[in-house]
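Notes to accompany the following structure.
Note on naming: letters A, B, ... go to the chains in the order of the sequence lines (proteins, then strands), and numbering restarts at 1 for each one. If you're wondering where the values come from, they're calculated on a predicted model, not measured in any experiment.
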There are 2 protein chains.
Amino acid sequence: MGPKEIERRLDLFTQRLRDAGIKLTSQRMAIFRAIAASEQHPDAETLYRELKESCPSLSIDTVYRSLWLLAELGLVSTVGQRHEAVRFDVNLSRHHHFVCIRCGSIQDFYSPQLDRLDVAEEVQDFGAFISSQVEVRGICKKCETGTDQ
Amino acid sequence: MGPKEIERRLDLFTQRLRDAGIKLTSQRMAIFRAIAASEQHPDAETLYRELKESCPSLSIDTVYRSLWLLAELGLVSTVGQRHEAVRFDVNLSRHHHFVCIRCGSIQDFYSPQLDRLDVAEEVQDFGAFISSQVEVRGICKKCETGTDQ
DNA sequence: TTCTAAATAAGAATAAGTCGCAACAGGAGC
DNA sequence: GCTCCTGTTGCGACTTATTCTTATTTAGAA
């Protein structure tokens, strides 16, 4: 990924914010630039430390707000959900997760198609394979219909 | 899942702990019973509140310790990693994650096999499909070879 | 340039999770 | 069954992640 791609991402960010009538502050631009340039999947704290050098008055809160803003606009995705604690899963048979992005509920589902997957080979350059699981994100029935929580 | 399955899980837990020379305390048994009976993927706090009724002296710390113990023994899995903050991912092209369970690093990988998956139909009973992604867990090269972090 | 709603910084507050330590309790050996 | 020893627990303090509150600032429309 070269500077071209970074610029393309930044242009997309600014365009979407303009379209949504959201202000383009210097803090946001700096945060966008940092995440657009990142090859990794940084957390807010990491970006904050990085940006603090060139923008010492920046607050961590602004980093969080800007990143969740991007997430809400669909311009970045997240690993993990908002307000989420670690969950423990006693289901040891092979299964996959349907995660509701609104209420955070997780439902197991089973799929012969997915169980047949063999990704161990595909990831061997990264390291030793232990397990694989599909995470499907969506809006659960309850949240869709507005039935309580 | 009936009481049979719960008992089977509990037997497995107690057997594994005995084999590993780990004490079977009443707190652990209660926590095991609670997670073994859970259809959901509860977090520590939820189990704690549930157990507090029948065991008022229980501490949240013990719940965490017991659950991570089970996880280390491979008797439960987790949704999310230990010590993890939310991460933001700017890669919008379809990709999947290789997560190192030791250092927590995440690497993207691409896979035509996985991209061809169509799970939207399989999860339609749960709710509206938004996206799907494969999470592969393993030990990354760095951790495998002991090269620094 | 002025004005206003939106955004920010700072610090307090909350929530998730862990640590240190004194008291306690399985279970091995008798 | 009793004793002892080590692993375990509960508690309170602590850390870290994240959000809230509020006074101040600023982008961008007029």
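Between the CE atom of Met29(A) and the P atom of dA7(C) there is a distance of 15 Å, rounded to whole Å. Spacing between atom CZ of Arg28(B) and atom P of dC24(C) amounts to 18 Å, rounded to whole angstrom units. Atom pair Leu67(A):CG and dT19(D):C1' shows a separation of 14 Å (rounding to whole Å applied). Put simply, OH on Tyr64(B) is 7 Å from P on dT18(C), counting in whole angstrom units. Put simply, CD1 on Ile22(A) is 16 Å from C1' on dT26(D), counting in whole angstrom units. In this entry the distance linking CD of Glu84(A) with C1' of dT16(D) reads 17 Å, nearest Å. Look at NZ on Lys23(B): it is 4 Å from C1' on dG7(D), rounded to the nearest Å. Taking atom OH on Tyr48(B) and atom C1' on dT9(D), their separation rounds to 12 Å, with Å as the unit.
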Show which side-chain atoms of residues 116-127 of chain B pair as donor or acceptor with protein atoms under 3.5 Å away, not counting sequence neighbours.
unit_1: Glu122(B); atom_1: OE1; unit_2: Ser111(A); atom_2: OG; d: 2.8
unit_1: Glu122(B); atom_1: OE2; unit_2: Ser111(A); atom_2: OG; d: 3.0
unit_1: Glu122(B); atom_1: OE2; unit_2: Gln113(A); atom_2: NE2; d: 2.5

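Within 6.0 Å of the CD atom in Gln40(A), the count of heavy atoms belonging to other residues, nucleotides or ligands does not exceed 12.
Distances shorter than 4.0 Å separate none of the side-chain N or O atoms of Ser59(A) from OP1 or OP2 on dA10(C). Between dT19(D) and Arg82(A), a contact under 4.0 Å exists linking OP1 or OP2 to a side-chain N or O. Side-chain N/O atoms of Thr62(B) include one lying less than 4.0 angstrom from OP1 or OP2 on dG10(D). Residue His83(B) places none of its side-chain N or O atoms closer than 4.0 Å to OP1 or OP2 of dG17(C). Phosphate contact (OP1/OP2 of dG17(C), side-chain N/O of Trp68(B), threshold under 4.0 Å): absent. One finds no side-chain N or O of Gln27(B) lying less than 4.0 angstrom from the OP1 or OP2 phosphate oxygen of dC24(C). In terms of phosphate contacts, Thr25(A) brings a side-chain nitrogen or oxygen within less than 4.0 Å of OP1 or OP2 of dT8(C).
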Candidate pair Arg8(A) and Glu5(A), rule side-chain contact (heavy atoms from CB on, under 4.5 Å), full reasoning: CA-CA 5 Å; Arg8(A) 203 188 60 74; Glu5(A) 173 63 11; 3.1 Å; yes

Verdict with supporting geometry, Arg87(B) and Ile106(B), side-chain contact (heavy atoms from CB on, under 4.5 Å): CA-CA 10 Å; Arg87(B) 288 148 171 270; Ile106(B) 299 177; 3.6 Å; yes

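Between Ala36(A) and Arg9(A), the shortest heavy-atom contact is O-NH1, 2.9 Å.
A donor N or O paired with an acceptor N or O is found under 3.5 Å between the base of dG10(D) and the side-chain atoms of Arg65(B). Judged by distance alone, with hydrogens and angles left aside, Asp43(A) brings no side-chain donor or acceptor close enough to the base of dA17(D) to form a pair under 3.5 Å.
In this structure, Ile6(B) CD1 and Ile35(B) CD1 are separated by 11.5 Å, a value rounded to the nearest 0.5 Å.
Using a 30° and 60° split on the angle between ring planes, His96(A) and Phe109(A) fall in the tilted class, from 30° to 60°. The aromatic rings of His95(B) and His41(A) lie parallel to each other, with less than 30° between the two planes, well short of the 60° mark.
Of the listed nucleotides (dA17(D), dA16(C), dT21(D)), dA16(C) has the atom at the smallest distance from the side chain of Ala85(A). Nearest to the side-chain atoms of Asp61(A) among the listed nucleotides dT18(D), dG20(C), dT19(D) stands dT19(D). Taking only side-chain atoms of Leu24(B), from C-beta outward, the nucleotide of dG27(C), dG10(D), dA9(C) with the closest atom is dG27(C).
The terminal axes of the helix from dT1(C)-dA30(D) to dC30(C)-dG1(D), fitted over 5 pairs per end, subtend an angle of 40° to the nearest 10°.
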